[in-house]
Every structure is written in structure tokens, then in C-alpha cells.
Amino acid sequence: MAFLLYDTRLKQQIEFTPTKPSRVSIYNCGPTVYSTAHIGNFRSFLFADLLRRYFEYRGYQVTQVMNITDVGHLTEDNRADAGGEDKLQKTARELGWDPFKVARHFEDGFHADRRALGVKDAERYPRATDHIPEMLVQIQQLLDRGHAYIPENSGEVYYDISSFPAYGALSGKVVEDLEAGARVEVNQLKRHPADFALWKTDAGHLMQWDPHSDGTWSGYLSSSGAKERPALDPRIGKGFPGWHIECSAMSSRYLGEVFDIHTGGEDNIFPHHECEVAQAVGATGAEYARHWMHARHLLVNGRKMSKSEGTLYTLADLTERGYSPREVRYLLLANHYRQPMNFTLEGLDAARASIARLQNCHDLLVEGEPAPAAPELIEEMERVTAALEEGFGAALDDDLNASAALAHVFDFVGHVNRLKPTGRAATRALAALTACDAVLGVLRAGQSGVIAKEELEAQVGSAPAPAVALELLAAGALSVEDLKRVALARHAARKARDFAAADAIRDGLKALGVQFEDTPSGVRYKLP
RNA sequence: GGUGCGGUAGCCAAGUGGUUAGGCAAUGGUUUGCAAAACCAUCAUACACGGGUUCGAAUCCCGUCCGCACCUCCA
């Protein structure tokens, strides 16, 4: 089954064919580490994670690179506009920190949140500040090939968009229209208002590199592995890279001049990705990213996220409200990445209930009776399981239709709950569900179990008194042994029809987040 | 102003010409000492509004209203 993806550039779904069989190379636009990432950022990163996991599900070997932007994000003209300083520098000033400290701090925070959300590790997370030489090399290539110019005595380098007729092809923008829309003061150094900076100078900037010093180039290896340092135009001054050059330089470095898929948020389409294409194709003549995929922004409470309305949630904001990262993951993942999604706290509540239904089905399969299933049950489960595998895969093949994929999973869950498979049928069903969760990443193992009725019956004579069980609960942390003693105490109380004591024990467990369910085969516990 | 995307039952959300998407919530029932989980049933002949095309429209066309995005830092 082929993967149909919506390509931003072609504005249509196309059938994906990898450059190399069974291998796929992906570049994701990553975070600018000047503040804590919010759920809007994470929608985009979860989309990238879904794409990665989908390819792995389909048996591809994935090479994924996500950049960490830690320098160079500023507005159009930082000298004319007081609010237009580098975002890193602005935070550094506000916190009284070194900008590199700011970058590492928020980069660490990004990775912590990302892991909490179950976003798998990419192969690389290159930082812009670690790749200044690569950027300078590409800037020099652009100068050599007539795509860039250095305004007299400026030390700066600008991209000459008139030299690249395809500029605008990705985003569908027309250069003449851009000029009319420009609101900011036109930088007099530029030949055309829409030309953009590759290298900037600013004496006030705290992060600067001298292109001609040995320090800047220490440790640099060219793509051929040589230590050679290319001849650089001496007019390029001490400064810092422009906003877009890092991505074209780093993607080429780690994925090659041509790679399969480039992703980002929809706001990246223009100007960021448009400029990347101009840079990469201008520098090498190669095609660059073969496909572009962009996630739509999310809304909160039906409106654009807003700091003043308190809807610019970070993951920490939500965990403080009692929501778990996997609930956030589920909600952000359960919508089609290319549809606008509306994020609400009510949605998180619904996500919690949905996950519980999936988790419960999963756990019941894990705990399933070993008794062999009847042939007709095996046959029926085989049919249902095959339908899941077929439907789930087909939904994802269709431009990562996660909502449709989930519908197939829930159909399957309904069948499993009705059929109650055991033995081989259960094993087969569990394997299929687990395979789906390799993509979804919302289930957990080992958080539930059954204390068998036989075991409780056998030891009921030596059961602790209810008060002893309550003491154990009051002490907090419970081992599995503790849990068994508590279950035994409650079992004895129930048997003696002392339901008040039994319920007190259950309430005490609930306070610790542990749930007890009485089933015909014994006590089922669910850990928090 | 230009360009693009979207508005689907109480909520979230698939579906792009003809057969119940799915989840959550709510209500009733089965089960349970009571719960929980699960199952059954109802809410649901829903598709922003007004026209049009068609044997047939949530789906195509025209218009209107609303939301979002890019054009300007943003995932």
C-alpha cells in the first residue's frame, strides 16, 4: 500500500516513493529555544513524530533530523525597530543570562517535554550555533553562483531573489504582491525589499562570529570529510547568520542535498521554507526537499492562542491542572494534522476517557485467560484483527488520517470486549493492538494486574484486619506485596459482609490513585 | 486589501456525489453487596446560511455570514 501525502508545493496528494528503497529521510523544523514550547509547537512536533512512527510501522528505516534554532530569529529590520532584536537576546536580557545559557535551558526543557509526550528521538538535533561554518560555506556558494550580494561596506550578505525565478513556487506567493504588503521600513542596503539576509552584522548582538577567525572554523569538516577551509569573501564581516540559512545548511549536512520530506508548521511555509528552497537550490542546483508537509495551527477555545487570555498553554500548565502528557499527546494526535484543531480542556477530559477505554482493552488482553479459545472464536477474532490491521494502515496511508485510524482501533476494541478472546485469539489480538500503539504511543504496560481469587481464598484465614490495611494505605507507597495484603484484608471483609470496611479500603486506595475492580476471576488493580 | 484553508449532532472529530465513521458526555437497561470495567439502547435520517446543478448533494457550482492562516516574528 502506498503512502499518499499532501505536498504543500504541489497542493495535492501524491504517492510517496522514497529516494532509496525502504529508507526515508525527514527534516523537521524544530523549536526556537528562547522560551518554553507551548502546545501549538507540540502539535507540529507530534505530527512529525506521527510521520516518523508511521514510516517505522511500514517498515522503513527513518533518518530524522530536527534543528534547534538558537540564534538569528529577529524581525525584518532590527535597527529601525526597537522590538526587533534577536529573540534569544531579548530573553537573555530579561533573565539577565548569557544567551547561550538561555538556549541550553530552553533546549533542555524542550527535550524533557518532548520525551514526556512520547515523541521519539530523532537521529539528530543540530544546533544552529554549532553549524556556523556550514552556513558560511553555503553563503559563499550563493555568492559564487550569483544568488547573493554584499552591500558596500556593510559586511552583510543578502539573497538576491531576482536571481531565483522559482522564488514563491512553494508558497504560491508572487514577489510583486509581497512588495506591496511590506509594512516594515525598507532596509536601504537591499536591492529589492523582499531580498533577505543570509548574514547580518550588529555591534550590539551578543552572539557573533568572525567568519575569518580560526576559532569559528575549529572542528569544521567539509561534507567530503576534509578539514579544508573554503576561501571566503573577505568583505563578510563579524556577525551572525540570517533566519533561514541554518535549515538549508544543516539539512544538507546531515541528509544530503536531496532528501525525502521536510515538515513544519503552516506559518513556516512563507517566508522560512520558501527562503530555504532558494538557498539550498541556489547553492547546489539540486532539488532539495522532495516533499513538503505542514501542520495547521491549533486554536484554543475556538480562538487563536493568546497569552493575555491565558490560552498559550505549556505542557507544565496542563500537568499542573492534573492532565497527563499522554492525554495531551492523544488529543493533539487524534485530529488530522492538516485540519485546524480546537484545543480545549474538555477535549483533554474526553481524551482521558478515550485512553482509558483503549488501556482497559489492552490490559484485559494482557491478563487474558490462557484457556484455549474455541475454533469459531479464533476465526472470528482473526477476521476482526485482520480488519484492524487493514483499516488502521490504510487510514494512515491516506495522508496520516489519524482520526480514521483511531476509529478502526475503537471498532476493534468493541469487538474484543464483546468476544472476550482467550488463549491464542487473545495473543493475536494483543499483538495487533500493540502494533497500532507503536504508532499512537498512548498505552502503558504493567500498570494493572489481577490478584487471583484462588490465591485470596487460600490465604483468607491469615488476612490482616481492615485497620492494618488502612495503615498500609496511610503510609503511602505500595509494593505489589502490600497490594496483595490490602486485597486480602478487603477480601476477608467482603466475605464477612463487612462492606463498610471493604469500601473504606477501596476509598483509601483511590486516594493513592489505585483502583480495585472486583471481577469473577479475582481483584483487578490499576496503578496510577 | 491579496492569497489559501475551514464551519458536520450537547462537545471533539472522520467522511468530498448514492450503503450506521469513531470517541467523549448525558439518559435508561444488563451485570455488581455497592462500585469499576464491559455490554445493549436512546440522543443521531447531523452537515453555517441562501440559491443552483443532478435521478440523488455534507460532498459539485454561485452568493452571503463567521473562524483561522500567510502576505509581517510565530509550530
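Values below: every heavy atom of this structure, side chains too, minus hydrogens, waters and symmetry copies. Chain A is the first sequence line, chain B the second, and so forth, proteins listed ahead of strands; every chain is numbered from 1.
Nucleic acid contact class of A/Gly40 (heavy atoms, under 4.0 Å, all strands): base. Within the 4.0 angstrom heavy-atom criterion, only backbone atoms of the sugar-phosphate kind lie near A/Asn342; the bases stay farther away. Contacts of A/His408 with the nucleic acid, taken as non-hydrogen atoms under 4.0 Å apart, are absent. Within the nucleic acid shown, A/Leu298 comes within 4.0 Å of at least one base atom, counting heavy atoms only. Across all strands shown, A/Arg114 has no heavy atoms under 4.0 Å from either base or sugar-phosphate atoms. Nucleic acid contact class of A/Ala407 (heavy atoms, under 4.0 Å, all strands): base. When heavy atoms are screened at a 4.0 angstrom cut-off, A/Pro31 is found touching no nucleic acid atom at all. Base engagement by A/Met305 is indicated by at least one non-hydrogen atom pair under 4.0 Å involving a base atom. Contact annotation for A/Ala295: no contact, since no heavy-atom pair falls under 4.0 Å across all strands. Nucleic acid contact class of A/Phe42 (heavy atoms, under 4.0 Å, all strands): none. Within 4.0 Å of A/Asn360, counting heavy atoms only, lie sugar-phosphate atoms of the nucleic acid but no base atom. Within 4.0 Å of A/Ile269, counting heavy atoms only, lies no atom of the nucleic acid at all. The residue A/Glu346 sits apart from the nucleic acid: no heavy atom pair falls under 4.0 Å.
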Between A/Asp108 and A/His111, does a side chain to side chain donor-acceptor pair (under 3.5 Å) hold up when you go through it step by step?
CA-CA 5 Å; A/Asp108 290 347; A/His111 283 302; over 6 Å; no
Run the ring pair (Phe, Tyr, Trp, His ring centres under 6.0 Å) check on A/Tyr167 and A/Tyr159 step by step: do they pass?
CA-CA 11 Å; A/Tyr167 190 80; A/Tyr159 194 98; 7.1 Å; no
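Nucleotide B/A13 holds its P atom 8 Å from the CG atom of A/Leu331, rounded to whole Å. Atoms CD (A/Glu274) and P (B/U3) sit 18 Å apart, rounded to a whole Å. As a whole-Å value, the separation of A/Phe412 CZ from B/G22 P is 17 Å. With rounding to whole Å, A/His362 atom NE2 is found 18 Å from B/A38 atom C1'. The interatomic distance linking A/Glu517 (CD) with B/U32 (C1') rounds to 12 Å, in whole Å. Look at CD on A/Gln339: it is 19 Å from P on B/A58, rounded to the nearest Å. One interatomic measurement links the two molecules: CG of A/Leu345 to C1' of B/C12, which rounds to 13 Å at whole-angstrom precision. Summarising the geometry, the separation between CZ on A/Arg9 and C1' on B/U3 is reported as 19 Å, rounded to the nearest angstrom.
Checking A/Gly347 against A/His297, the closest nucleotide of RNA chain B that is more toward the 5' end is the one next to A/Gly347. Along RNA chain B, the nucleotide nearest to A/Thr344 and the one nearest to A/His415 differ in position, and the one closer to the 5' end is contacted by A/Thr344.
For the residue pair A/Arg296 / A/Asn335, no side-chain donor-acceptor distance below 3.5 Å is found, with atom types taken as modelled. A donor and an acceptor atom, one from each side chain of A/Thr69 and A/Asn67, are located under 3.5 Å apart. A donor-acceptor contact closer than 3.5 angstrom is absent between the side chains of A/Asp437 and A/Thr434. Counting only N and O atoms by type, the side chains of A/His297 and A/Asp267 include a donor and acceptor under 3.5 Å apart. Side-chain N/O atoms of A/His491 and A/Arg494 include no donor and acceptor closer than 3.5 Å.
Comparing B/G63 with B/A21, their C1' atoms sit 32 Å apart, to the nearest whole Å. Between B/C39 and B/C24, the distance separating the two P atoms is 9 Å to the nearest Å. Comparing the C1' positions of B/A41 and B/G4 gives an interatomic distance of 45 Å, to the nearest angstrom. Comparing the C1' positions of B/G56 and B/G17 gives an interatomic distance of 8 Å, to the nearest angstrom. Across B/A75 and B/A44, the matching P atoms stand 42 Å from one another, rounded to whole Å. Distance noted for atom C1' between B/A48 and B/A57: 16 Å (whole Å). Comparing the same atom, P, in B/G52 and in B/A58 gives a spacing of 15 Å after rounding to whole Å. A distance of about 15 Å separates the C1' atoms of B/U20 and B/U8, rounded to the whole Å.
Minimum interatomic distance between A/Leu332 and A/Ile39 (heavy atoms only, all atoms of both residues): CD1-O, 4.0 Å. The two residues A/Gln359 and A/Val442 make their nearest non-hydrogen contact at OE1-O, 4.2 Å.
Between B/U3 and A/Lys173, no contact under 4.0 Å exists linking OP1 or OP2 to a side-chain N or O. Close to B/U30, at under 4.0 Å from its OP1 or OP2, lies no side-chain N or O of A/Arg418. Note on A/Arg338: every side-chain N or O is 4.0 Å or more away from OP1 and OP2 of B/C5. Contact check, A/Asn401 against B/A14: no side-chain N or O comes under 4.0 Å of OP1 or OP2.
Here A/Glu123 pairs with A/Arg52 in a salt bridge; the nearest charged N to carboxylate O distance falls below 4.0 Å.
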Using a 3.5 Å limit on both pairing distances, list the dot-bracket string of RNA chain B from the 5' end; Watson-Crick and G-U wobble pairs count, crossing pairs take [ ], interstrand pairs take |.
((((((((.[[[..)..(...]]].(((((.......))))).....[[[[[..)....]]]]])))))))....
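In this structure, A/Phe410 forms no aromatic stack with the base of B/G22, since the conditions of centre separation below 5.5 Å and plane angle below 30° are not both met.
Nearest to the side chain of A/Asp503, among B/G23, B/C34, B/G22, sits B/C34.
Evaluation of atom-type donor-acceptor distances gives a pair under 3.5 Å for the side chain of A/Arg296 against the base of B/C68. Contact annotation: side chain of A/Arg303 to base of B/G67, donor-acceptor pair absent below 3.5 Å. With hydrogens and angles ignored, no donor-acceptor pair under 3.5 angstrom links the side chain of A/Asn268 to the base of B/C74. Taking 3.5 Å as the limit, the base of B/A35 and the side chain of A/Arg506 contain a donor-acceptor pair of atoms between them.
Taking the six-membered ring where the residue is Trp, the centroids of A/Phe45 and A/Phe42 are separated by under 6.0 Å. Between A/Phe392 and A/His408, the ring center distance fails the sub-6.0 Å criterion.
Counting non-hydrogen atoms of other residues, nucleotides and ligands closer than 6.0 Å to NZ of A/Lys120 gives a total above 12.
Near-neighbour residues of RNA chain B inside residues 105-113 of chain A, defined by a heavy atom below 4.0 Å, are absent.
For the pair A/Tyr313 and A/Val328, the minimum side-chain heavy-atom distance is 4.5 Å or more.
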